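Since this is a predicted model, take the numbers as computed values, not measurements. Counting starts at 1 for both ligands and their atoms, following the listed order.
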Amino acid sequence: MSAFDYDFFVIGAGSGGVRASRIAASLGARVGVAEERYFGGTCVNVGCVPKKLFSYAAHFADDFEDSRGFGWQASKPPFDWPTLIKNKDIEINRLNGIYKSLLEKAGVTIHECRARLLDAHTIDLGDQTVTADKILLAVGGWPWLPDIPGREHVLSSNEIFHLQQLPESILIQGGGYIAVEFASIFSRLGCETTLIYRGDRLLRGFDDDVRQFITVQFQHDVNLILNDDIKEINNNDKDLQVVLDSGNELEVETVMAATGRTPLTADLGLDKVSVELGSNDAIKVNEQFQTHEPSIYAVGDVIDRVALTPVALAEGEFVARSLFSKEKHRPMDYRNIATAVFCHPNIATVGLTEAEALAAGHKLDIYQATSKPLKHTLSGRDEPAFIKLVVDQDSDKVLGVHIVSQDAGELVQGFAVALNCGATKADFDRTIGIHPTLAEEVVTMRSKREVNS
Ligand code: NDP
């Protein structure tokens, strides 16, 4: 019997922490978890899940409009925001309960309190102190807001999920995942939406052609302000008066910043151990997710590698299996992680962008097409789809698949499997398509375009 209270103590019951705890417990470890806020972490409570529910709500706006071309005569019904919030809260509460009971059923001891490290094996839980052989930090991240005059008037994604009323107008700052997703949501729900981004094309890090395409699309849907930023915000009782760097001014009801997230490393007792922090205060870990303090591990948004739920799940599982399973386990593989931005239309991508492939020294063939989805021949909606394949000229391997279309998030997962299997363009070509779908166009791309220099 170990001298420690627990074999494994996990701080944070979000995606990575819950997965690690359950796997470790199933492998026979005595596991404790501390969670001070909500079970399921950002994803379940103020991230992926409620955002996707909002996105579904927003889609109905398009569907009601699109239906007219198909013969439906009804006018658009009114939208009731409080109903959406109430139903969303019921679902999130249900999921909180499921996460908690999953831990309980796995035999994990739950501590609903703040946890702070006292040393490499000891954790302060407020009313008690416990010890553990191994500790996992899975505390996640938190929205980061620029420090500007009037910052106190700015909401983050945390608060936006709990607005009592739908604002009449909103200004969203940022050009990343959260900003574009919420711009799509609010604009469709009937809120006058302005998106302000300091760059010239949205979604830095995505393929340049995708960025160009979606930036043009967004110009139809929202008031898009590029190459400018918020300088200060004043509350004039009725509205918020927003002064921009350019000197222009806007009056809006609500301002939301979606300007990135920062690892939640403060007040964790890290000063008591030799855990090291890197850029953006992320916890530094090695390939085994071990920090500089050998008994302490970290996964998920707090290590700030790839801030996506499925990545945190995989990292958490990796740590639990590598610590408590005798079987050989797969190393963590960060290549070909598919991702989707749930704006309207979706952007989904797997593998390398054209710029990344060129920088890695590949000679490339690029296949690219814009097409009108069949649905929009009758709906009349001006929303083309975009597909791009990045192919290595020497090996014929498909290095990247980039799609902008309705439901692209559902489409790209299968292509991620193909890329992980090393599929070539010839493999795509010999695959018979499903007609009529957008997916078939991904396997029927014939004409190359010139490679960007
Ligand atoms: P992102 O890092 O994606 O985007 C942050 C945006 O804020 C960028 O456009 C950035 O501009 C801009 N920005 C940063 N600092 C400032 C500043 N001082 N003034 C003005 N603009 C600024 O962060 P998000 O908050 O959107 O999302 C955080 C992470 O959460 C994502 O990266 C993603 O990993 C995850 N996520 C995933 C989702 C999904 O899978 N669908 C959905 C939502 C979030 P610039 O580009 O110039 O740096």
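Note: Phe9 and His111 meet the aromatic proximity criterion, with ring centroids under 6.0 Å apart. The aromatic ring centroids of Phe79 and Phe60 lie 6.0 Å or more from each other.
Ring orientation note: the planes of Tyr334 and Phe289 are tilted relative to one another, at an angle of 30° to 60°.
At a cut-off of 3.5 Å, with distance as the only test, a side-chain donor of Tyr177 or Thr339 sits close to an acceptor on the other residue. Counted by atom type alone, Asp228 and Ser246 present one or more donor-acceptor pairs between their side chains at under 3.5 Å.
When heavy-atom distances to ligand 1 are checked against 4.0 Å, the residues falling inside are Lys51, Trp144, Pro146, Gln173, Gly174, Gly175, Gly176, Tyr177, Ile178, Glu181, Tyr197, Arg198, Arg204, Asp229, Ala258, Thr259, Gly260, Arg261, Ala307, Leu308, Ala340, Phe342, ordered by chain and number.
Leu277 places a side-chain heavy atom less than 4.5 Å from the side chain of Ile283.
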